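Whatever order the structure lists ligands and atoms in, that order sets their numbers, starting from 1. All of these numbers come straight from a predicted model, not from anything done at the bench. In what follows, every heavy atom counts, from backbone to side chain, and hydrogens, waters and symmetry copies are set aside.
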Amino acid sequence: MTAAPSRWDVFCQVVDNFGDAGVAWRLARILAIEYGIEVTLWLDRLEALARIEPGISADGAAQRARGVTVRRWTDPLPCAAAADVVIEAFGCGLPEGYLRAMAGRAAPPRWFILEYLSAESWVDGAHGRASPHPRLPLPRRFWFPGFTAGSGGLLRERGLFATRDAFRHDARAQGSLWAALGVPAPRADETRISLFCYPDAPLPALLDAWAGGEDPVTCVIPEGVAAPALECWSARAAPRPGTAPLARGRLSVHVIPFVAQDDYDRLLWACDVNFVRGEDSFVRAQWAARPFVWQLYPQDGGAHLAKLDAFVDRYTAGVAPAAGGAIRRLWQAWNRRPDADPVGTAWLEFARVRPDLVLHGSAWVAQLAVLPELAAGLVTAARDAV
Ligand code: TRH
């Protein structure tokens, strides 16, 4: 078997939030650590990555962490040599000078356009499709993550499930996580919920439902997430990490620090229910095999609601109608679908079927685990294109 082409460049522009950098970073890490590939991640803004990777500073022009070289994407780029393989994350485009360097190589690089994740049925038809550059003699291919064998699959580190299960059986490790986050260890009778959402989520109504519920709920929210909604609900400034929680009725809300990606995984593994958003946390919540609620990045005209339905159709296929219906109704309420139930009502229904959702979480992961792993697919495609 021929070795994978050796030098890869991953280009990514941070549109908003953390996911663009989060996905590109996770891919770069896997390529470097698991395939020994020399990877350079070019990012136009390093702040987002510095929030989720302690080894990266927002000011460094060129730095290395986790086996990856991270460079600030400036135009023109500091170095002109084009790599053997080029990943254009989320269709971010490539600098003109770099395109010319690619065209100037004896053999053109393998060029992949990594697209956003979607469960929609058209993905299989678009995945892997060639899209030659309009001006230069440069072949390129679309690469679509997805939930089917016909897609590029999902990012998943080798040994992820073993690491997850070992953590779940390690009370000391879990205790250290909660201590590091400044949150008391879970009580046996409580529901522990992590919540990562966009500012427009109907959070106050959900907090009211938890506060007025029968069972104790501890909710942990990363610092800066939904702060205006928290302040509106509590009529006081959102707490800082490590300070007293917001408490009302059966609910206590702790604000926790933003943590490194791997610690965020542990948080998802240590909670009973996870509210996630965007793309990367959405996938990590699935690998955590626990009930979760997904908020999509809102798109004009509600285009994100079609993406929501496409995933819910796949995710709830084969699930008992009560459980499937509860997932659909809560997710629609959480994504503010116009005709959705009130989020408090939908939560109660979701909470009632939670035991089924826990079982389904593992069944869904088993289903996904047989799909192609995204980085492995790119390495194979790059090698076979030689
Ligand atoms: O931050 P996001 O909302 O990013 C989104 C998505 O990328 C979406 O596709 C894009 O359209 C939109 O931005 C503009 O959500 P996402 O994708 O879950 O990325 C969050 C990343 O942050 C993920 O890699 C997990 C990481 N993270 C940590 O590492 N530590 C933390 O404490 C938290 C809360 C998140």
Side-chain angles (χ1 to χ4, degrees), residues 10 12-30 41 43-56 58 65-66 68 70 89-92 114-120 123 144-146 154-157 160 177-178 180-183 193-201 219-227 230 238 240-242 254-271 274-288 292-300 303-305 307-308 311 334-335 374:
V10 178
C12 180
Q13 284 188 337
V14 177
V15 178
D16 197 351
N17 303 310
F18 304 95
D20 306 311
V23 170
W25 177 239
R26 193 178 297 287
L27 171 61
R29 283 204 276 153
I30 292 176
L41 172 57
L43 269 179
D44 62 340
R45 289 193 286 138
L46 297 174
E47 298 74 19
L49 183 57
R51 275 301 289 285
I52 62 177
E53 175 50 57
I56 293 290
R66 319 289 290 266
V68 177
V70 176
F90 311 119
C92 59
L114 177 64
E115 285 291 347
Y116 283 111
L117 172 63
S118 173
E120 291 162 294
V123 164
F144 281 88
L154 302 168
L155 286 173
R156 185 180 76 242
E157 295 81 355
L160 178 67
L177 173 77
W178 292 121
L181 296 174
V183 179
I193 300 176
S194 78
L195 194 141
F196 182 43
C197 66
Y198 295 117
D200 70 328
C219 174
V220 296
I221 303 185
E223 186 174 23
V225 170
L230 269 184
R240 304 291 325 284
H254 294 257
V255 171
I256 59 172
F258 235 76
V259 295
Q261 270 188 336
D262 293 350
D263 289 325
Y264 183 65
D265 270 338
R266 292 184 190 96
L267 177 68
L268 297 175
W269 302 342
C271 287
N274 294 305
F275 283 68
V276 290
R277 70 185 207 189
E279 181 162 335
D280 193 57
S281 62
F282 165 52
V283 173
R284 305 316 285 186
Q286 295 173 60
W287 294 140
F292 70 101
V293 180
W294 179 34
Q295 187 188 15
L296 290 82
Y297 188 73
Q299 293 176 288
D300 298 343
H304 57 292
L305 295 174
K307 289 181 183 301
L308 171 70
F311 180 78
W334 191 237
N335 284 278
L374 187 79

Please produce the table of protein N or O atoms sitting under 3.5 Å from N or O atoms belonging to ligand 1, one pair a line, distance to 0.1 Å.
{"from": "ligand 1", "atom 1": "1 (O)", "to": "Phe18", "atom 2": "N", "distance (Å)": "2.9"}
{"from": "ligand 1", "atom 1": "1 (O)", "to": "Gly19", "atom 2": "N", "distance (Å)": "3.3"}
{"from": "ligand 1", "atom 1": "1 (O)", "to": "Arg277", "atom 2": "NH2", "distance (Å)": "3.2"}
{"from": "ligand 1", "atom 1": "3 (O)", "to": "Tyr198", "atom 2": "OH", "distance (Å)": "2.6"}
{"from": "ligand 1", "atom 1": "3 (O)", "to": "Arg277", "atom 2": "NE", "distance (Å)": "2.7"}
{"from": "ligand 1", "atom 1": "3 (O)", "to": "Arg277", "atom 2": "NH2", "distance (Å)": "3.3"}
{"from": "ligand 1", "atom 1": "4 (O)", "to": "Gly19", "atom 2": "N", "distance (Å)": "2.9"}
{"from": "ligand 1", "atom 1": "7 (O)", "to": "Asp20", "atom 2": "N", "distance (Å)": "3.4"}
{"from": "ligand 1", "atom 1": "17 (O)", "to": "Glu279", "atom 2": "N", "distance (Å)": "2.9"}
{"from": "ligand 1", "atom 1": "17 (O)", "to": "Asp280", "atom 2": "N", "distance (Å)": "2.8"}
{"from": "ligand 1", "atom 1": "18 (O)", "to": "Arg277", "atom 2": "O", "distance (Å)": "3.1"}
{"from": "ligand 1", "atom 1": "18 (O)", "to": "Ser281", "atom 2": "N", "distance (Å)": "2.8"}
{"from": "ligand 1", "atom 1": "18 (O)", "to": "Ser281", "atom 2": "OG", "distance (Å)": "2.6"}
{"from": "ligand 1", "atom 1": "19 (O)", "to": "Gly19", "atom 2": "N", "distance (Å)": "3.3"}
{"from": "ligand 1", "atom 1": "24 (O)", "to": "Gln261", "atom 2": "NE2", "distance (Å)": "2.9"}
{"from": "ligand 1", "atom 1": "24 (O)", "to": "Asp280", "atom 2": "OD2", "distance (Å)": "2.6"}
{"from": "ligand 1", "atom 1": "29 (O)", "to": "Val259", "atom 2": "O", "distance (Å)": "3.3"}
{"from": "ligand 1", "atom 1": "29 (O)", "to": "Gln261", "atom 2": "N", "distance (Å)": "3.3"}
{"from": "ligand 1", "atom 1": "30 (N)", "to": "Val259", "atom 2": "O", "distance (Å)": "2.6"}
{"from": "ligand 1", "atom 1": "32 (O)", "to": "Val259", "atom 2": "N", "distance (Å)": "2.9"}

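- The only member of Phe196, Phe282, Trp334, Phe275 that meets ring pair (Phe, Tyr, Trp, His ring centres under 6.0 Å) when paired with Trp294 is Phe282.
- Ring to ring, Tyr264 and Phe258 are not that close: their centroids are 6.0 angstrom or more apart.
- For the side-chain hydrogen bond (donor to acceptor under 3.5 Å, both in side chains) with Gln261, the lone residue among Arg284, Glu53, Arg29 that qualifies is Arg29.
- Taking the centre of each ring, Tyr198 and Tyr297 come in below the 6.0 Å mark.
- Contacts of Arg45 classified as salt bridge (charged side-chain N to carboxylate O under 4.0 Å, His left out), with partners at least two apart in sequence or in another chain: none.
- Below 30°, between 30° and 60°, or above 60°: for Phe90 and Tyr116 the angle between ring planes is below 30°, a parallel geometry.
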